[in-house]
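This report concerns only the one structure given below.
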Amino acid sequence: MKEIEWSKLGFGFSDVNCHLRFTWKDGVWDQGEFVKDPFITMHIGAACLHYGQECFEGMKAFRQKDGKIVIFRPDENGKRMYRTALRTVMPPVPVEMFIDAAKRVVKANEEYVPPYGTGGSMYIRPLLIGTGPQIGVAPAKEYTFIMMVMPVGAYYKGGLKPVRAVIFDDWDRAAPQGMGDVKVGGNYAASLFAHEKAKKEGWPVELYLDAKTHTHIEEFATSNFLGITKDGTYVTPDSHSVLPSVTNMTLRQIAADLGMKVEMRPIPFTELPSFAEIAACGTAVVVTPVWEITRGDQVIRVSDPDTCGPVLQKLYDQVQGIQYGVLPDTHNWCFEV
Ligand SMILES: *Cc1c(COP(=O)(O)O)cnc(C)c1O
């Protein structure tokens with residue numbers, strides 16, 4: 001193994017010892033095998049390539065203060081992938097098998113889990129794809145389930161950094177009864193065009209409104225929306241086309257534990273100026289504070305551009321504290337490897 005400069009790690013693919021690969025054929029999953037080669041050979045007619053029969057997950061393993069390696073809430077990711085598989089007519093991976101696979105692959109790549117104190121973690125990317133050939137539109141007859149890992153660095157090297165967000169009225173991400181509530185690659189394909197445009201024009205994140213009426217907040221392209229009201233209530237949208245984020249679920253519980261009021265309800269666009277703090281939340285960065293939101297000619301200033309709000313900072317510290325084993329894990333979110 002080559003020496004890794006932990007402080008220089010970003011968020012991206014890097015070679016590790018192996019990934020874990022399972023095949024589903026004739027109605028059953030096999031036992032899985034470790035594969036070193038990061039390439040896959042499949043039929044050119046594979047259903048995932050032609051008809052998007054594909055889904056994925058994202059979660060993290062942490063090396064804690066006392067040296068233990070834990071995976072954060074893999075049961076929730078397993079349950080979500082199960083739901084996604086049913087929605088896309090793929091054979092669901094049993095949650096127990098999912099958790100076990102995550103533990104196996106992290107264990108097999110243990111030396112790539114960043115040391116405690118570097119702020120890094122091991123990103124775990126489960127992937128389920130229809131690999132059987134299928135030119136007539138129908139579910140594939142063969143599937144591959146992959147669990148891959150990669151070390152990733154601390155996203156915030158000098159504290160939480162607020163960003164600017166944009167709302168485009170020309171593109172939607174997910175239809176009201178579409179696939180917004182499951183984690184499929186197609187949702188990302190649907191948002192790439194707007195994402196590239198936003199990036200080029202200086203906005204690191206895009207916020208989506210409900211596709212039907214464009215009057216209510218849904219979520220950012222790859223992360224959920226949360227707002228803290230001036231009286232300290234945690235508010236997040238209740239919508240069928242928002243992906244149920246494990247991070248959001250975690251933050252809601254932590255907020256409640258801290259004695260905050262938590263609301264999951266429709267959030268009209270017109271309510272945006274009334275929030276004291278706004279953030280995007282997801283596994284990759286936990287929370288990204290948003291200080292300004294632009295929609296056409298309208299620019300909504302939410303908070304200070306240079307510093308993270310006090311409530312978001314506290315929520316972030318609590319999550320990280322539990323993940324790195326510095327704060328008590330009262331809800332049993334950490335699964336030891
Ligand atoms: C993965 C994802 C999130 C974040 O979910 P976490 O479980 O918190 O990582 C939010 N929105 C979308 C669209 C996603 O795909």
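Read the numbers this way: they start at 1 and go in the same order the structure lists the ligands and their atoms. Computed from a predicted structure; not experimentally measured.
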S239 and its side chain to side chain donor-acceptor pair (under 3.5 Å) partner, picked from R265, E218, E219
E218

Ring pair (Phe, Tyr, Trp, His ring centres under 6.0 Å) against F56, all qualifying residues, sequence neighbours excluded:
Y188

List the residues meeting ring pair (Phe, Tyr, Trp, His ring centres under 6.0 Å) with F34, not counting sequence neighbours, and say none if there are none.
none

For ligand 1, protein residues within the heavy-atom limit of under 4.0 Å are R80, R173, K183, Y188, E219, A221, T222, S223, N224, L243, S245, V246, T247, G282, T283

Answer yes if V166 and L209 sit in the same cluster of Ile, Leu, Val, Met, Phe, Trp and Tyr residues linked by side chain heavy atoms under 4.5 Å apart, and no otherwise.
no

Applied to residues 160-184, the ring pair (Phe, Tyr, Trp, His ring centres under 6.0 Å) test, sequence neighbours excluded, yields F168-W171, W171-F193

Quick one: are the ring centres of F220 and Y208 less than 6.0 Å apart?
no

